[in-house]
Amino acid sequence: MLPFVLTALCAHLATAQTDPYANWPSYADLPLNASFPPKAAWGVWGNDDVHGALNHITNDTRKKSAEEIQTGQAFNLNLELSFFPQPANIERKPLVHLFQPGDGYTDDVITFNTQMSTQIDGLRHFAYSIDGNTSTYRYYNDLIPDYEHVIGHDYTSVLGIQQAADKGIVARGILLDYKAWMDSQNKTYDALSGWSVPASDLEKVAEWQGLPSNWSRPGDILVVRFGWIEAFGKLNETERAIIVRGPGEWVGMKADDESAEWLWNKKLAMVGADNPAFESTPFGHVIGGHDGMSLHQLLISGWGQSIVEFLDLEKLAPALHALNRSSFFMTIQPVNKIGGIASPPNAMAVI
Ligand SMILES: *[C@@H]1O[C@H](CO)[C@@H](O)[C@H](O)[C@H]1NC(C)=O
Ligand SMILES: *[C@@H]1O[C@H](CO)[C@@H](O)[C@H](O)[C@H]1NC(C)=O
Ligand SMILES: *[C@@H]1O[C@H](CO)[C@@H](O)[C@H](O)[C@H]1NC(C)=O
Ligand SMILES: *[C@@H]1O[C@H](CO)[C@@H](O)[C@H](O)[C@H]1NC(C)=O
Ligand SMILES: *[C@@H]1O[C@H](CO)[C@@H](O)[C@H](O)[C@H]1NC(C)=O
Ligand SMILES: *[C@@H]1O[C@H](CO)[C@@H](O)[C@H](O)[C@H]1NC(C)=O
Ligand SMILES: *[C@@H]1O[C@H](CO)[C@@H](O)[C@H](O)[C@H]1NC(C)=O
């Protein structure tokens with residue numbers, strides 16, 4: 001009997017080590033410790049983990065995502081770096097592009113706020129805070145003791161964008177085209193208002209696209225086309241300048257427990273959208289029984305899950321529709337900058 005028990009026990013331990021989902025907490029189980037912020041997933045990947053949701057990407061998920069390459073057609077998902085007349089939000093400094101001529105060669109120097117165009121928000125970009133005061137900021141896995149460690153004299157590089165740059169972000173992307181779904185029903189909405197899209201509607205979009213109910217796989221990157229870029233593209237220059245000056249309002253995912261639970265269950269490596277923040281404005285909703293919460297706080301600081309914003313899906317979406325497809329091969333390569341907060345994602349899709 002004893003050898004059998006030992007063998008079974010060893011097999012169980014081996015499974016527990018190799019299958020990260022064997023004891024995967026449900027959304028209701030979060031946070032694992034009452035001292036952690038609302039619905040944080042601190043400790044789920046280990047107390048010292050710095051990769052968060054990127055842990056869903058493995059050698060196997062990368063290999064499997066290559067099956068998405070069928071026609072070989074590639075799509076740049078990044079807007080031009082100066083697509084906006086200035087970075088969204090007047091507080092942010094404009095991009096500076098200088099040319100530096102040499103003898104027989106030319107360099108250039110680009111200085112820009114990483115929130116300028118298409119961007120991936122890293123884990124130092126957003127913190128839980130109960131009152132907006134930097135003294136109450138809390139970052140993923142509590143790895144940054146205070147704000148001085150992000151920008152000040154106690155600067156450390158933990159949770160910097162270099163960790164995402166090193167990880168190897170190769171995944172299956174899933175596009176949910178909310179705008180096309182609304183169009184298909186002759187339903188209109190203002191993408192430049194705080195139009196909130198609940199998870200139940202995104203599920204209907206998936207169904208409309210012909211996806212099965214179990215359409216997501218761990219390690220997927222969910223990309224939603226909310227129609228913001230299309231709406232912005234229809235504005236004249238004066239109107240664009242007003243939108244970009246901010247703070248403004250925009251369409252996006254509704255920030256509530258229904259959305260959060262839906263996203264948590266999907267085990268996504270990352271989420272992205274063609275809008276300024278994935279979620280809608282204004283920020284500040286009830287999540288996990290706490291008011292003043294945003295998906296930014298929950299995903300970035302709670303789950304270590306980056307958000308990709310202002311993705312250019314305007315060519316990819318029609319190409320996928322024409323093929324009656326929703327999934328694609330996707331890579332994201334942030335700049336390898338120690339201590340970096342965000343980065344152009346250098347995002348690419350191959351279908
Ligand atoms: C919960 O956090 C507290 C305070 O950090 C700590 O003393 C306690 O050991 C933790 N409990 C568990 C189960 O991790
Ligand atoms: C991925 O494959 C490499 C090369 O075989 C290996 O060193 C690494 O441990 C693998 N990673 C995981 C998470 O299995
Ligand atoms: C933030 O909190 C600190 C510590 O409690 C306090 O000294 C400071 O005045 C606060 N700052 C603001 C802008 O409220
Ligand atoms: C949308 O409008 C078009 C043109 O008026 C019409 O042919 C179509 O049936 C409408 N679709 C729905 C779902 O109402
Ligand atoms: C599109 O694909 C879905 C699921 O793969 C399928 O059910 C549907 O019939 C397809 N539609 C067309 C027009 O081929
Ligand atoms: C999803 O469901 C279908 C049946 O609808 C099944 O054949 C398939 O194996 C399921 N996929 C996964 C990943 O569970
Ligand atoms: C831009 O559109 C607004 C209406 O929203 C209009 O008042 C304005 O004259 C337009 N500007 C130009 C330069 O066309």
Side-chain angles (χ1 to χ4, degrees), residues 49-57 62 65 74-84 86-89 91-100 105-127 139-141 143-144 147 149-152 155-171 173 219 221 223 229 268-278 296 299-301 303-313 316 329-350:
D49 169 66
V50 294
H51 286 120
L54 288 180
N55 286 300
H56 290 299
I57 295 178
R62 286 195 201 95
S65 65
F75 295 87
N76 166 26
L77 304 181
N78 313 279
L79 295 170
E80 202 268 335
L81 205 49
S82 305
F83 178 82
F84 298 109
Q86 63 179 61
N89 181 341
E91 309 273 311
R92 292 172 170 145
K93 294 188 175 69
L95 177 145
V96 179
H97 187 189
L98 301 174
F99 297 100
Q100 189 169 341
Y105 63 90
T106 312
D107 294 349
D108 62 352
V109 179
I110 307 177
T111 307
F112 64 99
N113 183 312
T114 49
Q115 300 285 311
M116 170 91 198
S117 178
T118 310
Q119 78 215 222
I120 169 175
D121 286 346
L123 305 189
R124 291 157 75 91
H125 178 53
F126 237 80
Y139 294 86
Y140 178 63
N141 261 347
L143 293 178
I144 302 179
Y147 196 47
H149 285 76
V150 178
I151 60 160
Y155 174 85
T156 59
S157 63
V158 67
L159 300 182
I161 202 76
Q162 77 280 1
Q163 272 140 2
D166 264 349
K167 177 67 189 171
I169 306 173
V170 172
I221 297 179
V223 169
I229 296 263
L268 303 165
M270 209 177 282
V271 296
D274 67 335
N275 74 350
F278 186 72
H296 266 61
L299 271 53
I300 296 176
S301 309
W303 305 351
Q305 187 169 58
S306 283
I307 302 174
V308 194
E309 295 154 355
F310 296 123
L311 278 166
D312 180 3
L313 307 171
L316 174 67
F329 175 83
M330 187 176 193
T331 60
I332 288 183
Q333 181 56 63
V335 298
N336 193 3
K337 180 71 190 91
I338 288 184
I341 290 181
S343 168
N346 300 307
M348 182 162 62
V350 187

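Not measured: the values here are computed from a predicted model. For this chain, numbers begin at 1 and follow the sequence in order. Worth knowing before you read on, the calculation uses all heavy atoms, side chains too, and leaves out hydrogens, waters and symmetry mates.
The OG atom of S301 sits 11.0 Å away from the OH atom of Y140 when rounded to the nearest 0.5 Å. Rounded to the nearest 0.5 Å, atoms NE2 (H125) and CD1 (I341) are 8.5 Å apart. Summarising the geometry, atom CD1 belonging to I229 is positioned 8.5 Å from atom CG belonging to N275; distances are rounded to the nearest 0.5 Å. For the atom pair CG of L79 and CE of M116, the computed distance is 10.5 Å after rounding to the nearest 0.5 Å. Summarising the geometry, atom OG belonging to S157 is positioned 9.0 Å from atom NZ belonging to K337; distances are rounded to the nearest 0.5 Å. Atom-to-atom distance recorded for Q100:CD and T106:OG1 is 10.0 Å, nearest 0.5 angstrom.
No side-chain heavy atom of E309 sits under 4.5 Å from any side-chain heavy atom of T118. Considering only heavy atoms from C-beta on, V271 comes within 4.5 Å of L299 through its side chain. You'll find the side chain of D121 reaches within 4.5 Å of the side chain of I300, heavy atoms only. In this structure the side chain of N113 never reaches within 4.5 angstrom of the side chain of K93, judged on heavy atoms. Proximity of I332 to P334: side-chain heavy atoms (C-beta onward) are separated by under 4.5 Å at one or more points. Side-chain contact between I144 and T156: absent, with no pair of heavy atoms (C-beta onward) separated by less than 4.5 Å. Inter-residue side-chain proximity for S82 and F112 is flagged as unmet; no heavy-atom pair is nearer than 4.5 Å. At least one side-chain heavy atom of I169 sits less than 4.5 Å from a side-chain heavy atom of M270.
By the 6.0 Å contact criterion, CD on E80 is enclosed, its count of non-hydrogen atoms from other residues, nucleotides or ligands being greater than 12.
Across all non-hydrogen atoms, the minimal contact from F278 to A273 is CD1-CB, 3.8 Å. Contact detail for Y139 and Y147: the closest heavy-atom pair is OH-CD1, 3.4 Å. Contact record, A74 with M348: CB-SD, 4.5 Å, taken as the closest heavy-atom pair. When all heavy atoms of G122 and I161 are compared, the closest pair comes out as CA-CD1, 3.8 Å. When all heavy atoms of R124 and V150 are compared, the pair lying nearest together is NH2-O, 3.0 Å. In plain terms, the two heavy atoms of S65 and F329 that are nearest each other are O-CD1, 3.4 Å.
Not a single donor-acceptor pair under 3.5 Å links the side chain of Q119 to the backbone N or O of V308. Here the side chain of N78 pairs a donor or acceptor atom with the backbone of N346 at under 3.5 angstrom. Proximity of a side-chain donor or acceptor of S343 to a complementary backbone N or O of V335 within less than 3.5 Å is detected. Proximity of a side-chain donor or acceptor of H51 to a complementary backbone N or O of Q163 within less than 3.5 Å is detected. For the pair Q305 (side chain) and W303 (backbone), a donor-acceptor distance under 3.5 Å is absent.
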- Message: Run L268 and H56 through side-chain contact (heavy atoms from CB on, under 4.5 Å) and show every step you take.
- Response: CA-CA 7 Å; L268 303 165; H56 290 299; 5.9 Å; no

- Task: Evaluate the ring pair (Phe, Tyr, Trp, His ring centres under 6.0 Å) criterion for residues F84 and F310: first the C-alpha distance (whole Å), next the side-chain angles of each, then the deciding distance (0.1 Å), finally the verdict.
- Result: CA-CA 11 Å; F84 298 109; F310 296 123; 4.7 Å; yes

- Query: Do L77 and M330 pass the side-chain contact (heavy atoms from CB on, under 4.5 Å) test, and can you show the C-alpha distance, the side-chain angles, and the key distance before you say yes or no?
  - Reply: CA-CA 10 Å; L77 304 181; M330 187 176 193; 3.8 Å; yes

- Task: Report the C-alpha separation of L143 and V50 in whole Å, then their side-chain angles, then the decisive distance to 0.1 Å, and conclude whether the side-chain contact (heavy atoms from CB on, under 4.5 Å) test is met.
- Result: CA-CA 8 Å; L143 293 178; V50 294; 3.7 Å; yes

- Task: Kindly indicate, with the supporting measurements, whether the criterion side-chain contact (heavy atoms from CB on, under 4.5 Å) is fulfilled by N336 and D166.
- Result: CA-CA 7 Å; N336 193 3; D166 264 349; 4.3 Å; yes

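For D49 and N55, the side-chain atoms include at least one donor-acceptor pair closer than 3.5 Å.
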